[in-house]
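This report concerns only the one structure given below.
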Amino acid sequence: MNRPSLRESNSGHIFSTEKLIFGIGEISRMTGVSTRQLRYWETKGYINSKDRQDEQQQRVYGYATFLKVSGIKTMLDEGYTLAAASAQTDALIQEGLTLRNFVLDAYHGLEEINGRMMLDLGDFDDAGQLRLYAYVEDHHVHYQQVLVSKDRRQ
DNA sequence: GTTCTTACA
DNA sequence: TGTAAGGA
């Protein structure tokens, strides 16, 4: 009945980060956190490395861990203790994920209607006859309902 | 050359 | 937390 939102049509994400994997040295150089600290933080449970039953025993980190380390580093530089920096970063990341899901649920694409680019926000009513659009004018967001005939749905 | 664990200044 | 040692 409703055109799928981006979140539904992309299994939860537009950009895949699952192939972004780094070694401990890379994470260290990217964030400015020493390898010693990374290993220590892991024992404390602040960060996690992927399962490493590999040929050797080297740690492998994913994008999520990179974000976590970056966040901790930033807050550490601002004077937070390691525990507080970790907690604060977790909260920020959680907010970010929630916000991302909110946007992906709402966004159904861009569409030009009567010469104006409109943000498609999906069905406005349960019947699926009214669709909600938004556009920006003079830095203000305007909302507009559009009557949609069923034959033009895809 | 890098990473790993353990141990010590 | 940095650094050294001794292996992988």
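Side chains included, hydrogens not; waters and symmetry mates left out as well; all remaining heavy atoms used. In what follows, chains are A, B, ... by sequence order, proteins preceding strands, each numbered from 1. Owing to the predicted nature of the structure, the values given are computational and were not obtained by experimental measurement.
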Without decimals, in angstroms, what is the distance between [X] [atom1] and [N] [atom2]?
X     : N     : atom1 : atom2 : result
A:L82 : C:dT1 : CG    : P     : 6 Å
A:L38 : B:dT5 : CG    : C1'   : 16 Å
A:F22 : B:dT2 : CZ    : C1'   : 18 Å
A:R29 : B:dG1 : CZ    : P     : 13 Å
A:W41 : C:dG2 : CH2   : P     : 10 Å
A:E42 : B:dT6 : CD    : P     : 13 Å
A:E26 : B:dT2 : CD    : P     : 11 Å
A:I27 : B:dC4 : CD1   : P     : 12 Å

Would you say [X] places a side-chain N or O within less than 4.0 Å of OP1 or OP2 belonging to [N]?
X     : N     : answer
A:R59 : B:dT3 : no
A:Q37 : C:dT1 : yes
A:S34 : C:dG2 : yes

Review point. In terms of heavy-atom contacts, does CD1 of A:I21 have more than 12 from other residues, nucleotides or ligands at under 6.0 Å?
Key: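 Atom CD1 in A:I21 is not crowded, with 12 or fewer foreign heavy atoms closer than 6.0 Å.
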**Study point:** For C:dA8, the Watson-Crick or wobble counterpart (both distances under 3.5 Å)
**Key:** B:dT2
Point to revise | Cation over ring face, A:R131 and A:F124, 6.0 Å, 45° | key: no
Study note, to complete from the structure: Ranking C:dT1, B:dT5, B:dT2 by distance to the side chain of A:Q58, first place goes to B:dT2
Review point. Just wondering, do A:I27 and A:V33 contact through their side chains at under 4.5 Å, heavy atoms?
Key: no
Exercise for review: May I ask you to decide if the ring planes of A:H142 and A:H140 are parallel, tilted or perpendicular, using 30° and 60° as cut-offs?
Suggested key: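 Because their plane-to-plane angle is over 60°, the rings of A:H142 and A:H140 count as perpendicular.
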Practice item. Ignoring hydrogens and angles, answer whether the base of C:dT3 and the side-chain atoms of A:R36 contain a donor-acceptor pair closer than 3.5 Å. Key: yes
Check your understanding: Do A:K68 and A:S86 pass the side-chain hydrogen bond (donor to acceptor under 3.5 Å, both in side chains) test, and can you show the C-alpha distance, the side-chain angles, and the key distance before you say yes or no?
Key -> CA-CA 8 Å; A:K68 181 70 186 289; A:S86 176; 3.2 Å; yes
